Amino acid sequence: MSETIINVDSVHKSYLMGKEAVPALRGVSLVVKRGDMVCLMGPSGSGKTTLLNIVGGLDEPGRGHVTIAGMDIVSMGEERLARLRLERIGFVFQTFNLLSNFTALENVEAPMVLLRRLGRKERRARAQALLAAVGLADRVDHYPSELSGGQQQRVAVARALANDPEILIGDEMTGDLDSKTGFEIMQLVRDLNQREGKTVVYVTHDPRMADYADYSVHLLDGQIVAREADPVVSLIGD
Amino acid sequence: MIGLYVRRNFRRRRVRTVLMILSLVIGVGTLVTLNATVDSYRRYYTGTVASDVGDFDLTITRPDTAPNPFLAIGDLTPRLMAIPGVMGVSPRIQAIVSVRAGVKDGDTAFVALQPDLDQSGAVKVEDGVYDLGTGTTGLPGVFVLQETADVLDISLGDALEIQYAPPETRLKGRDVPASGSLLRTTAQWEVRGIGTQRGLTGRSNNEGVIVDLAVAQERFHLGDEADRLIVEIDPKRYDSNNPEQSSFAARLVGFAVRDALGHDDFAYNMPRPRAVIDGANQFVFWQSLIMMYGLLSLGVVGLLIRTLIMTNVQEQTRDMAVMRILGAPRRHLFNLVAAEVAAVGLLGIGLGVVVGQLVNNLVVVPLIKDRAAGFIVDLPLVSARAILISVLVSLVVLAISALAPAQRAASTKITNAINPGVADGIGLDDLDRLRERRTDLRISAAGLVILCYPLLVFYVFPLAFDFGILWVLAALIFGALLSLIVGAAMLFFIVILPMERGLLWIIDRLAPHVGYFVRRTVLRGKARNTLISLMIVLSSLLPSFLSTTLALQVANTETDRRLQGGAAFRINPPSSENSQRRREQDDGSGGPATSAEAASTFKTDILDELRGDPAFRATLGRSRSYRSEVRDGVGMRSAQANVVGIDGDPRNTLYGEAIELVSGSPDTLGRLALEPGTAIIGAGLATYLDRAVGDTVQVVGDGKDHLEELRIVAIAKRIGGVGSFTSKQTDVWSGSTTVLVAMDSYRALTNNPVYGPPDPRLPVVGTLLAAPAADQDESKLTSDLRLRYATEHRLAINSTAETIKTVQQEARTGQIFLVVLTALTSILAIFGVFAVIYVSIYGRRAEIGMLKAVGTPGRQLLYVFVGEAMVMTLSATLTGITAGMLLAYTFRLSEGFRQELPTHFAVDPVVVPAMLVLMILSSFFSAVIATHSLRRRRAIDILRTV
């Protein structure tokens, strides 16, 4: 049996909207095993992005406990959390959020520069390898503005993998892409999950994209209402 | 709707609004302060100059051709008081008198006035009292001015014997008889006070004695008469901010007085209105310099406002597109932006005016008053002129800076709301517009720019010069300087990139993980860098240029003055010009100098006394210049030249570096005075005539057919202090080159042979150059010489060391002024830097959010943004400094080349480092403050707001 890498225990979270506190999560508990690919689904305002942000260490719960790789992130300071994210978590955003003045290669290189573990040549080689892995070997010197949406998201995926994280967090990764490109990106992520054993947690509105996950977690009004395992075989290879 | 838009924008974008208002407050405040300072200083200066020439509105005297030099007080006063605009009439007697105090005596100025009535000028008592009544000894009181008291060792209670002679008169068309005997009267006074004056005697110095008019009349047997009447004009006539207008208004009273008294028997003079108008003209140039600084500062403010408003517009593109969908016309969107700028402008300019005026009132005016050393100076606290100029310029700058954002708002496309992704592409509307053939305004604009040059050269400048419109000339000169600054800033812009690369190289070495991010943003973020860089280059170029010019001036003053002056001391007898000026100051009549005063050569006894003074190591007598013609002897080439005779070896007296020979042995300098018939000519003249050492030239002498053949013994490039010897032929064309000869040759040339041989005893030394003995302190020697010779013999003692000191002192004062101006422009540049960095960081929130999300520590983010700001700011500052210094050196080197003077290299030790420090601090704090909230916020919070 695989070890638990993410453990969310009775997490509550509220946002202040004007003078009123609006609950976003109400006692959510979730356990994700290493190597799982989990999809968070639900209508707008259900709390899926809030949960994803808490799982990714970007947000903190109001109440409850969250451990990542055995570390309690609720008690962590901002700097330690940043270090955790840098070393163990990769992010892919809906709007790519690439550095506009950096080439594809440099965007992938940036987290490695921040981590300061690799020398210049090793960084470069790894960034090139990652870009080649996402099918952009011939686009390494292109700026984000010279790449299509799908290509930008591939760069974002490569960047998320730069420091070889254990967890990949995706927030509407395919939201800004057309269906075909969206499927390509999801396939890429699924391959990484299967080939390299990366744990993937992602949010999507699109049920077709949820099919790539090992299982989906459905949220409604800040609570998990269903957890459904979904074989991905039907779509893989299409 | 427009009001709501403006209010919401103010509320939602508080930082930007505050930035815009603050920058305007500082920009306008700076301009108001500078303008008000110039205005206040102009009034102070005018007051001071007026005081120097006499704080007299109108002086009435008798011309020296009148049979009676005195005026009947009882007859004229009521007639004058009846003229509208005349507020008071004060009779006076003013003259140069001989004063004896104990064993010492000397000539000094004498003023007899009615102390209760005469309000001209002011007196500051240093010792005793200003009371001209009877003293303890029973003698009438006299107030002695400080310099006279010092020279004659006068103390309180001393008895002073004053010998007075009435003004000399002459027949019309004739000189005053040289041996005219005058009736001199002597009387005694008791010294009751010693002190200084301003504007009371009509002299800038503090030489003289002041007594009661009634006592003087009685002691000198003059009856109820005075030699002048000082008319006070109603001050309301001066009550205008326009100096020309106020002076001419005062002159109308002068005309009325002349109409009432007639112009045959009286001479009129209006020193104060004349000083007011002259002072104003002088300050036109100051005003223009200040305006140039102000325009540069406001240019920075305008750029800042444009950037911030443009950012607002860009952020609200979607909202504006929605308004267009709802039916808002383009002009409505234009008006929204215009209203926002107007509201910011109203607040900023209003507050700026208040701040500027407060600084002027609380800092500048007290400083000027303090400088007036206790004399009352009428300085109005509110300068309408300064405010008006500043507000008008600010409004123009504001309107220009609002134009582009407002146009951008007006051109918002509906697509921006429907499908922002394609809004920037070409739409159907654009295609329609592109098909149309339109006039290319750029060609006309280029034509206008090209036309500017010939227009200025052929029309504007000659017209301004011909009509003497000083402000246009000043505007053209400073406009040219402004163009030079802006042009140089743009030209040197290419240096920024290498500078940035250099700084990035340093950061890469120091902190590679920071340099990695900084390098990419700095070198690739084109639009933002250009804006911030150009602004900073401009801000740093002008102070760097001016301060380096000053530094070069300070560094080269000593050499320049030594080379030009030639010797440590330059002593001149009273010249006719000096006498003329003195006489104008004495009685304001501006009449011709007397023949006795017109002597411009040394009297033999004084010359011998000076030459025998052990304080001098060596002296060299030089004649006055004799205007002549030098010919090649065969009638092919000739040139006008000044012939100067010397009576000794210049090497003994002149500074070593002041002599530079192109050919000929240095020994010839020693032999020249002993060998009549020889000459040393300038290199330019030698080239022009194609003559060399050993050749001869003919010099035209006085009288008909008088030619002297002179043999050239040396050709000089420079002999300082005795004439102009340069290698430039332009000096030959303009006739300013010198031919140096022995004093005997000079006598021969200036003597008409028809009247016999020249008189060897005739005094011809017009200037005595002197070198001090080794043990002499030059400063002390200058004071001693002035004490001994200036007062009694009216000799002009010029010390090169003193001139150097004065020039360097002035340069240092200028440096302080520059530091203040630099600080002010730097403050604005700081705002600019902050605004641009703030906007840049605000626009990169997604990037920052992402960097935080992937785990960038807050400290690393700070380093990156501080690094970016530093590189951008420092590279531009260094570029501006480099450009400014190069400009200053170009000016100095060309000046040195023109005047054939060497250049000592110098770097400004204050302004340039101060500017660098200010820029480093500003970029650091800008980055720290601008990223503060983003660094504190969590990644997710930042990303949510993008």
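Since the structure is predicted, the reported quantities are computational estimates derived from the model, not experimental observations. Residue numbers begin at 1 in each chain, while the letters A, B, ... track the order of the sequences.
- Proximity to chain B (any heavy atom under 4.5 Å) is restricted, for A/Phe91, to the side chain, taken from C-beta onward.
- In this structure, the side chains of A/Leu99 and B/Arg520 stay at 4.5 Å or more apart for every pair of heavy atoms.
- Note that CD1 of B/Ile940 and OG1 of A/Thr49 are 8.0 Å apart. Values are rounded to the nearest 0.5 Å.
- Under the side chain to side chain contact (heavy atoms under 4.5 Å, CB included) test applied with B/His513, the options A/Leu114, A/Leu115, A/Val113 reduce to a single match, A/Val113.
- Within the 4.5 Å cutoff, no side-chain heavy atoms of A/Leu58 are placed close to those of B/Arg938.
- Closest of all the heavy-atom pairs between A/Phe93 and B/Ala853 is CZ-CB, 3.7 Å.
- When heavy atoms are compared at a cutoff of 4.5 Å, A/Thr103 approaches chain B by way of both its backbone and its side chain.
- Ranked by non-hydrogen atom pairs under 4.5 Å with chain B, the options A/Ala82, A/Pro111, A/Gly57 are led by A/Ala82.
- Contacts of A/Ala160 with chain B are absent, with no heavy-atom separation under 4.5 Å from either backbone or side chain.
- Closest of all the heavy-atom pairs between B/Lys852 and A/Arg85 is O-NH2, 2.7 Å.
- Rounding to the nearest 0.5 Å gives a distance of 9.5 Å between CG of A/Leu86 and CD of B/Gln860.
- Enclosure of atom NE2 in A/His142 by more than 12 non-hydrogen atoms of other residues, nucleotides or ligands within 6.0 angstrom is indicated.
- In this structure, chain B has a heavy atom under 4.5 Å from the side chain of A/Asn53, while its backbone stays farther away.
- Looking at A/Glu109, the atoms closer than 4.5 Å to chain B (heavy atoms on both sides) sit in the backbone and in the side chain alike.
- When the candidates B/Gly849, B/Pro512, B/Pro857, B/Gly855 are compared by the number of heavy-atom contacts under 4.5 Å with chain A, B/Gly855 comes out ahead.
- Contact annotation for A/Arg123: only side-chain heavy atoms (C-beta onward) come within less than 4.5 Å of a heavy atom of chain B.
- Using modelled atom types, one side-chain atom of B/Tyr516 and one backbone atom of A/Glu106 make a donor-acceptor pair closer than 3.5 Å.
- A/Arg120 does not touch chain B: none of its heavy atoms, backbone or side chain, sits under 4.5 Å away.
- By the 6.0 Å contact criterion, CZ on B/Arg936 is open, its count of non-hydrogen atoms from other residues, nucleotides or ligands being 12 or less.
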